[in-house]
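Input: a single structure, listed below in structure tokens.
From a predicted model like this one, the values you see are computed outputs, not experimental measurements.
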Amino acid sequence: MSGPSVLFIGGSGIISAACVREAVEQGFDVTVLNRGETDKRPIPESVTRLQADVSDRTALEAAIGDQRWDVVIDFVAFTPDQVQRDIEVFTGRTRQYVFISSASAYQTPATHLPITESTPLKNPFWQYSRDKIACEDLLTKAYREDDFPMTIIRPSHTYDETLVPFSGGWTVLGRMRAGKPIVVTGDGSSLWTITHARDFAVGFVGLLDRAEAIGEAFHITGDEAPTWNQIAHELAAAAGVEDLQLVHVPADAINAVDADWGASLLGDKANTSVFDNTKVQTLVPEFAQTTSIRQGAREIVAWFDADPSRQVTDERLDGLMDELVERWQVR
């Protein structure tokens, strides 16, 4: 292919798979490097496949050989040591290195809305977010001191048909259909920006091989910000549930019984998050939200209904939800 060459490290996840497809459609010469352990989201046939466990630097370097790419994107770097490895491996071998950070790196909770790229980075609640901030700091230093051609992307809650937006996945839909209450954090009225992966991909690919994006950070989110109560009702309607029961539980109470679930709430989902996308839309004017949560909910339910083997209940989490419901349900 004659388009810019791009290496996706990852490429099979919810966000990355959508971006691979979009990059192929836009004419990029795409290579994907991953462990090759899942076909959940098929990769287009035109994509070049490389296989390695990128946590093994020797294996990574053997897989890429002496190849160069116009763009290198790492979807599976989460800690500073992983980013430092990428800086060392790809310095001089790419014109743009794209790091996937997180919108949860922004000040949590935000003191001003909407959130912009100039909102401070600070999250005292979630280690995942603090690690992403440390990665960004390392890349910023590499750009300023060594002209490393980095771009930082901060997705917010991005989903496709395989991902139920609530913790527990199918467990939540199964509870709805069984007439069991589902747990919603707080009073369910906080606003939550939710973005379909195929919309995200348009904004993301539009920033690739762009000199204007070097040294910059962008978030890419939808413009729709329903409440958690509204998201739950859209999923219930798509699942054919008419009598949805919600039990509202404080994030602190959830954190007390499940630290991982609680951290993702206190450090992210329990806080109102509304974003200003002016920066990305300035460079990628075609980026817009085209998939509403109502349509997205239909696609999620249809995906799970298409194959009963996907309908797996997390028994531990289901039991934990029962305990929280018993304690917090208003009688």
- Task: On the 0 to 90° scale, with breaks at 30° and 60°, tag the Phe200-Phe204 ring pair as parallel, tilted or perpendicular.
- Result: parallel
Parallel, tilted or perpendicular, judged at 30° and 60°: which one describes the rings of Tyr128 and Phe78?
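Taking Phe78 first and then Tyr128, their aromatic rings sit tilted (interplane angle of 30° to 60°).
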Cation-pi, Trp170 ring and Arg310 (6.0 angstrom, 45 degrees)
no
task = Using the rule that two of Ile, Leu, Val, Met, Phe, Trp, Tyr join whenever any of their side-chain heavy atoms come within less than 4.5 Å, decide whether Leu266 and Ile133 are in one cluster.
result =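 No, Leu266 does not connect to Ile133 through the hydrophobic network.
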Exercise. If Ile, Leu, Val, Met, Phe, Trp and Tyr residues are connected whenever their side-chain heavy atoms lie under 4.5 Å apart, and connections chain through other members, are Trp228 and Phe275 in the same group?
Worked result: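 Looking at the clustering, Phe275 is in a separate group from Trp228.
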Side chains of [X] and [Y]: do they bring a donor and an acceptor to under 3.5 Å?
X	Y	result
Asn229	Thr227	no
Gln84	Glu88	yes
Thr79	Asp131	no
Arg210	Thr151	no

With rounding to the nearest 0.5 Å, note down the distance linking [atom1] in [X] to [atom2] in [Y].
X	Y	atom1	atom2	value
Ile293	Thr193	CD1	OG1	11.5 Å
Asp81	Cys135	CG	SG	8.0 Å
Leu50	Ile64	CG	CD1	9.0 Å
Phe99	Leu138	CZ	CG	9.5 Å
Asp74	Ile87	CG	CD1	11.0 Å

Is there a donor-acceptor contact under 3.5 Å from the side chain of [X] to the main chain of [Y]?
X	Y	value
Asn271	Thr108	no
Arg21	Pro44	no
Gln51	Arg35	yes
Asp199	Thr291	yes

Could you check whether [X] pairs with [Y] (Lys NZ or Arg NE/NH1/NH2 to Asp/Glu carboxylate O, under 4.0 Å)?
X	Y	result
Lys132	Glu136	no
Arg298	Asp305	no
Arg198	Asp160	no

*Glu299 and His196: which non-hydrogen atoms are nearest, and at how many Å?*
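Where Glu299 meets His196 most closely, the heavy atoms are OE1-NE2, 3.4 Å.
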Tightest non-hydrogen contact, residues Pro250 and Thr185, listed as C-OG1, 4.4 Å
*Any chance you could lay out the salt bridge (charged side-chain N to carboxylate O under 4.0 Å, His left out) test for Asp209 and Arg95, step after step, and finish with the verdict?*
CA-CA 8 Å; Asp209 199 40; Arg95 301 182 69 187; 5.1 Å; no
| task | Check whether any side-chain heavy atom of Lys180 sits under 4.5 Å from a side-chain heavy atom of Asp322, and report yes or no. | result | yes
Checklist entry - Would Ser5 and Asp29 count as a side chain to side chain donor-acceptor pair (under 3.5 Å) if you check the C-alpha gap in whole Å, the side-chain angles of each, and the deciding distance to 0.1 Å? => result CA-CA 5 Å; Ser5 60; Asp29 181 2; 5.9 Å; no
(message) Working note: Arg85 + Gln82, criterion side chain to side chain donor-acceptor pair (under 3.5 Å); need CA distance, chi angles, decisive distance, verdict.
(response) CA-CA 5 Å; Arg85 173 206 64 210; Gln82 294 168 335; 5.9 Å; no
Test side chain to side chain donor-acceptor pair (under 3.5 Å) applied to Thr221 and Asn277, step by step: CA-CA 7 Å; Thr221 76; Asn277 285 297; 3.2 Å; yes
